[in-house]
Amino acid sequence: MEIKRDKYLQDLINRMHNHMIKVVTGVRRSGKSYLIFHIFQNYLIEQGVHQSHIIRIELDQRKYRQYRDPDVILEYLESCIHDDRMYYILLDEVQLLNEFEEVLNSLLHIDNVDVYVTGSNSRFLSKDVITEFRGRGDEIHIFPLTFKEFMQVYEGDMYRGWADYMLYGGLPLTATMKTEEQKISYLTRLFEETYLKDIIERYHIEKAQELEDLINILASAIGSLTNVPKIESTFRSVLHSNISGNTIRQYIEYLEDAFIIHKANRYNVKGRKYIGTPVKYYFEDVGLRNARLGFRQVEETHLMENIVYNELRSRGYTVDVGLVEKRGKDVNGKSERKQLEIDFIANQGSRRYYIQSAFAMPDEEKKKQEKMSLLQIRDSFKKIIVVKDVVNVTRDENGITTMSVYDFLLNDHSLEL
């Protein structure tokens, strides 16, 4: 059964013939190649584009290795253009192409070509798209499967589906595997033999164990505030390592550039400003996170928070961690200020949502605790609490909406409920 990725197909359709390079980025095995070489190519053919006007090169395949040379690939592409009709050039893993910025800029000067490329490393793509293409690069970031996409092919109800998704994540190939043994083996090998190896070779890392230890620390701390000095202290006290803060910072950048982790910055709602540190790190795919820890630290509360974060980003929101201050009196009647956390502030244009990932609110005390930070916000933007329990979507007298994680994930318009 085919997994439909309608959002990303529509993203490509909306950008057709816009005289820009369409750059599809994402973590390895998230479905970039399938998107452009299968879903998008089929769309083109359905629209009447002849196969001869679709030029595809998979640069990570050995048989296409010669085309990693910029002069060779340009000569080949130009030789394929025989008339004035539109040609669609699809290039996979373009970061393997030497001087790819110059090659893509050259293609921009050919009137009847529309160019689509994929890449798995932001350092070679996103930043270069901005600097080299001078506003003529258009990035589309593809995420692993959302829970709704995952359920398209899952053989079971949404409750069992949630348990599997939370444990094994949303990489497309994982979703099609039948046994737990297959999934565990695939995710474990993928992390070790693809992601880690790729980073170590690309950046010539000699102390690979320190990189692996850092990944384990970040994986164990999803949903927790952290910073480089705190991580450095953990290395010294627990692992007896003298790794420097600069090296830790550099390794974190490598993991971000490979789209393995993503940083959520802190934002002071009342002060309307960002706070430098600490920050939170979330994994692009929770299955990869769990595999890294040998499926031993499966804390559903933190994994649900990670999944909610990924869902918001996949819907196109920029997502921060919120901070709001509450003034009150301590037990002695003295004035005090408390810093309360808002799990997520999701922004998209003029829209904003404040979201708590609460997992469970079994009693009034827990409800009061989860709502406390939201009640300190004085603006009119919507406030939502997402819980694991199956509940009806409700809104209280303070305008705070509560919904189940299933309603949140399975309804594309859940933020408007």
Side-chain angles (χ1 to χ4, degrees), residues 3 25-34 60 93 120-121 142-147 149-151 153-156 160-203 205-224 231 234-235 238-239 241 248 251-252 254-262 281-307 309-310 314:
I3 301 173
T25 62
V27 68
R28 287 191 183 276
R29 306 295 186 267
S30 59
K32 302 183 301 296
S33 303
Y34 188 81
D60 60 340
E93 299 296 355
S120 301
N121 185 275
I142 185 170
F143 290 84
L145 301 179
T146 64
F147 183 59
E149 291 172 327
F150 172 85
M151 288 304 295
V153 295
Y154 185 76
E155 298 176 355
R160 289 175 53 208
W162 166 261
D164 271 10
Y165 184 77
M166 181 192 66
L167 193 58
Y168 303 116
L171 292 181
L173 190 55
T174 308
T176 64
M177 292 178 175
K178 301 297 182 183
T179 69
E180 292 186 353
E181 183 181 2
Q182 281 180 298
K183 296 173 184 179
I184 291 171
S185 176
Y186 172 70
L187 288 169
T188 303
R189 286 188 292 103
L190 185 63
F191 211 117
E192 293 176 357
E193 298 174 12
T194 300
Y195 299 129
L196 272 176
K197 185 178 179 182
D198 185 44
I199 293 172
I200 290 168
E201 291 181 353
R202 176 176 289 132
Y203 299 108
I205 294 174
E206 296 181 357
K207 296 182 178 180
Q209 186 58 50
E210 291 180 337
L211 173 63
E212 296 199 40
D213 290 337
L214 173 62
I215 295 170
N216 292 340
I217 291 170
L218 294 174
S220 297
I222 58 169
S224 301
I231 295 171
T234 300
F235 266 100
V238 178
L239 301 174
S241 168
I248 292 170
Y251 285 0
I252 288 175
Y254 295 161
L255 294 169
E256 289 181 281
D257 287 336
F259 304 113
I260 294 171
I261 62 172
H262 195 270
Y281 291 99
Y282 294 99
F283 273 67
E284 189 94 341
D285 181 75
V286 294
L288 290 173
R289 178 266 181 193
N290 293 335
R292 184 60 217 170
L293 297 177
F295 296 91
R296 287 187 294 272
Q297 296 182 33
V298 184
E299 311 95 338
E300 195 169 358
T301 303
H302 297 311
L303 290 171
M304 175 173 148
E305 184 177 323
N306 200 143
I307 290 168
Y309 176 78
N310 289 344
S314 73

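What's counted below: heavy atoms across the whole structure, side chains too, no hydrogens, waters or symmetry copies.
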**Asked** Tyr251 and Ile215: side-chain contact (heavy atoms from CB on, under 4.5 Å), yes or no, with the steps?
**Response** CA-CA 9 Å; Tyr251 285 0; Ile215 295 170; over 6 Å; no
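- Judged as a side-chain hydrogen bond (donor to acceptor under 3.5 Å, both in side chains), the pairs with a partner in residues 191-200 (not counting sequence neighbours) are, in order, Asp198-Arg202.
- Note that CD1 of Ile222 is 8.5 Å distant from CG of Leu293, once rounded to the nearest 0.5 Å.
- Partners of Thr234 by side chain to side chain donor-acceptor pair (under 3.5 Å), not counting sequence neighbours: none found.
- Scored by the side-chain contact (heavy atoms from CB on, under 4.5 Å) test, Gln209 finds Glu212, Asp213 as partners (sequence neighbours excluded).
- Applying the side-chain contact (heavy atoms from CB on, under 4.5 Å) criterion to Tyr282, with sequence neighbours excluded, gives Ala264, Lys280, Glu305, Asn306, Tyr309, Phe344.
- Residues Asn310 and His262 have side chains not in contact (no heavy-atom distance under 4.5 Å, counting atoms from C-beta outward).
- Atom CD1 in Ile142 sits 9.0 Å away from atom OG1 in Thr25 (nearest 0.5 Å).
- For Ser33, the side-chain contact (heavy atoms from CB on, under 4.5 Å) criterion is met by Phe37, Asp92, not counting sequence neighbours.
- The side-chain contact (heavy atoms from CB on, under 4.5 Å) test applied to Leu167 returns Asn290, Phe295, Val298, not counting sequence neighbours.
- Heavy atoms only, all atoms of each residue included: Ile199 and Ala258 are closest at CD1-CB, 4.2 Å.
- Taking the salt bridge (charged side-chain N to carboxylate O under 4.0 Å, His left out) definition, one finds that Glu206 meets it with nothing, sequence neighbours left out.
- Separating the CE atom in Met177 from the CG atom in Leu171 is a distance of 9.5 Å, to the nearest 0.5 Å.
- The pair Glu93-Arg28 meets the salt-bridge criterion, since a charged nitrogen lies less than 4.0 angstrom from a carboxylate oxygen.
- Once rounded to the nearest 0.5 Å, the distance linking CD of Glu155 with CZ of Arg160 reads 9.0 Å.
- At least one side-chain heavy atom of Trp162 sits less than 4.5 Å from a side-chain heavy atom of Ile307.
- Within the 3.5 Å criterion, the main-chain N or O of Leu173 finds a donor-acceptor partner in the side chain of Thr176.
- In terms of heavy atoms, Leu187 sits closest to Gly287 at CD1-O, 3.8 Å.
- The number of heavy atoms from other shown groups lying within 6.0 Å of CD (Glu299) is above 12.
- With sequence neighbours excluded, no residue satisfies salt bridge (charged side-chain N to carboxylate O under 4.0 Å, His left out) with Glu210.
- Atom CD1 of Ile3 sits about 4.5 Å away from atom CG of Leu145, to the nearest 0.5 Å.
- Ser30 and Pro172 get closest at one heavy-atom pair: O-CG, 3.6 Å.
- A 4.5 Å side-chain heavy-atom check between Phe143 and Glu149 finds every atom pair outside the cut-off.
- Remark: Tyr154 pairs with Phe150 by the ring pair (Phe, Tyr, Trp, His ring centres under 6.0 Å) rule, at least two apart or across chains.
- The closest side-chain heavy-atom distance from Ile252 to Ile231 is below 4.5 Å.
- In terms of modelled atom types and a separation under 3.5 Å, the side chain of Thr188 and the main chain of Ile184 share a donor-acceptor contact.
- Of the residues listed (Leu211, Ile200, Ile205), the one engaging Tyr254 in a side-chain contact (heavy atoms from CB on, under 4.5 Å) is Ile205, and it is the only one.
- A distance-only check finds a donor-acceptor pair linking the side chain of Lys32 to the backbone of Gly26 [under 3.5 Å].
- Taking the ring pair (Phe, Tyr, Trp, His ring centres under 6.0 Å) definition, one finds that Phe283 meets it with nothing, sequence neighbours left out.
- In this structure, the salt bridge (charged side-chain N to carboxylate O under 4.0 Å, His left out) partners of Glu300, at least two apart in sequence or on a different chain, are Lys388.
- A heavy-atom distance below 4.5 Å is found between the side chains of Phe191 and Ile260.
- For Asp164, the salt bridge (charged side-chain N to carboxylate O under 4.0 Å, His left out) partners two or more places apart in sequence, or in a different chain, are Lys183.
- The CG atom of Leu255 sits 12.0 Å away from the CD atom of Glu284 when rounded to the nearest 0.5 Å.
- Within the 3.5 Å criterion, the main-chain N or O of Asn216 finds a donor-acceptor partner in the side chain of Ser220.
- Two residues are said to be in side-chain contact when any heavy atoms from C-beta on lie closer than 4.5 Å; Asp285 and Thr174 fail this criterion.
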